[in-house]
Protein chains: 2
Amino acid sequence: MNLLNNELLDSFIRIQKALYSLMKEDADRAGLTVVQLKALYKIHRSPNTGLRELAASLKLTNSTMSGVVDRLVSSGLLEREISTADRRAITLKLTEDGEQKLQEATGDDSSFTKRIMEITKMDPEDKDHLLRIHQQIMTILTTKEENHS
Amino acid sequence: MNLLNNELLDSFIRIQKALYSLMKEDADRAGLTVVQLKALYKIHRSPNTGLRELAASLKLTNSTMSGVVDRLVSSGLLEREISTADRRAITLKLTEDGEQKLQEATGDDSSFTKRIMEITKMDPEDKDHLLRIHQQIMTILTTKEENHS
DNA sequence: CATAAATAGTTGGTATGCGAACTATTAACA
DNA sequence: TGTTAATAGTTCGCATACCAACTATTTATG
């Protein structure tokens, strides 16, 4: 049996890739990477956030986040300042350019936004069923195994 | 509305991460990376395969695959030879060490294998329903949008 | 208060992962 | 047959992405 060639697995991978492709379409339009777009989006919604908070919300490590932020600052899309309250911390907010890029990516032409809206309109019963089965799968995937010894 | 904080989206991301964690557990046990483990697994099942074929089956570009293979050859887990039939092509097969590492990762202790087996035993009706809804979502995600102009 | 411990970010090293440009070989065709 | 196409891999530059080690600052504790 080919473990890596499983109908269910493939289904999850396909959707994962499709979602990423849509985000990439938006990001490309604005000359951004997907993770850069996500970062701008998050900071736009929570200005003056710190690095750790941002990293946590995007499920990245601080070191990865630090690099992403650094490149966004270099490109002039992000403003990074030392927090006055805690001189170890930084505060992040978009520059004018950053706001504009974000708008380019997430505006009316956004493929991702449109499709997510479509999916939101899905039959609630189907959605509940889906989430329920996903939960079953998550339980199987994350349950600590018993010892057969 | 926070597009990146969607119940369904999060559900997919969670499962994706859980699957990856399980594979990583197996890979770590053998001192491999996840993609290295996948590569060894595929080559074990289809010895003497070429680079392009391997890249396609793992949904990676040739350039990425080339690097992964190169590091596996350097670690002595993979044998790379020039094909006698086509001198442009290479043939790949596991070394003794490679076979052993693969066994370490996918043997009886494999978390991934166990869980996939568990999932396979899922209620067929639930599984069908899941695949059907996934298909609906895929259709939404990949359908070319109509012009409202 | 002074030192230890915790916290916020950064940096260095390695491994994906991609696209583009490249080499070498084989196939196609004028 | 000889030039052009296509094909198989590799290499380069860049951006994630992780961990471990580091600096700087703040908090906790003797």
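Numbered from 1 within each chain, the chains take letters A, B, ... in sequence-line order. All of these numbers come straight from a predicted model, not from anything done at the bench.
- Across all strands shown, C/dA4 pairs with D/dT27; the Watson-Crick or G-U wobble distances both stay below 3.5 Å.
- Within the 4.0 angstrom heavy-atom criterion, only backbone atoms of the sugar-phosphate kind lie near B/Arg87; the bases stay farther away.
- Atom CG of B/Asp70 is separated from atom P of C/dG17 by 16 Å (rounded to the nearest Å).
- The distance between atom NZ of B/Lys24 and atom P of D/dA17, rounded to the nearest whole Å, is 15 Å.
- The nearest whole Å value for the distance from the CG atom in A/Leu54 to the P atom in D/dA17 is 12 Å.
- Using the six-membered ring where Trp is involved, B/His134 and A/His134 have ring planes that are perpendicular, over 60° apart on the 30 and 60° scheme.
- Closest to the A/Ile90 side chain, of the nucleotides C/dG9, D/dT10, D/dA8, is C/dG9.
- In this structure, the CG atom of A/Leu60 is 9 Å from the C1' atom of D/dT16, given to the nearest Å.
- Both A/Ala85 and A/Gln36 lie near DNA chain D, and the one whose nearest nucleotide falls closer to the 5' end is A/Gln36.
- Checking A/Ala89 against A/Thr64, the closest nucleotide of DNA chain C that is more toward the 5' end is the one next to A/Ala89.
- Checking the phosphate oxygens (OP1, OP2) of C/dG9, no side-chain nitrogen or oxygen of A/Ser63 falls inside 4.0 Å.
- Put simply, CD on A/Glu81 is 16 Å from C1' on C/dG9, counting in whole angstrom units.
- Closest to the A/Arg88 side chain, of the nucleotides D/dA8, D/dT25, D/dA17, is D/dT25.
- In this structure, B/Thr84 and B/Gly67 both approach DNA chain C, and ranking their closest nucleotides by distance from the 5' end singles out B/Gly67.
- Taking a pair to require two hydrogen-bonding distances under 3.5 Å in either a Watson-Crick or a G-U wobble arrangement, C/dT26 remains unpaired.
- To the nearest angstrom, P of D/dA6 lies 17 Å from CG of B/Asn62.
- Here A/Arg71 does not reach the OP1 or OP2 of D/dC14: none of its side-chain N or O atoms lies under 4.0 Å away.
- Residues A/Thr49 and A/Lys42 form no side-chain contact, since every pair of their non-hydrogen atoms from C-beta on lies 4.5 Å or further apart.
- At distances below 3.5 Å, at least one donor-acceptor pair connects side-chain atoms of A/Asp26 with backbone N or O atoms of A/Ser111.
- Rounded to a whole Å, the CG atom of B/Leu51 is 5 Å from the P atom of D/dG9.
- With contacts defined as side-chain heavy-atom distances shorter than 4.5 Å, the pair A/Asn48/A/Ile43 does not qualify.
- Residue A/Lys59 contributes atom NZ, which lies 12 Å from atom P of D/dC18 at whole-angstrom precision.
- The glycosidic torsion of C/dA27 lies more than 90° away from 0, which places this base in the anti conformation.
- Residue B/Thr33 places its side chain closer to C/dT16 than to any other of D/dT16, D/dC19, C/dT16.
- Salt bridge B/Glu118/B/Lys121: present, at least one basic N to carboxylate O contact under 4.0 Å.
- Nearest to the side-chain atoms of A/Arg52 among the listed nucleotides D/dT16, C/dG9, D/dC18 stands C/dG9.
- Counting non-hydrogen atoms under 4.0 angstrom, A/Val68 reaches the backbone sugars and phosphates but no base.
- The shortest distance between side-chain heavy atoms of A/Met122 and B/Ile137 falls below 4.5 Å.
- Backbone-only contact: B/Gly50 has heavy atoms under 4.0 Å from sugar-phosphate atoms and none from a base.
- In terms of phosphate contacts, B/Arg80 brings a side-chain nitrogen or oxygen within less than 4.0 Å of OP1 or OP2 of D/dT10.
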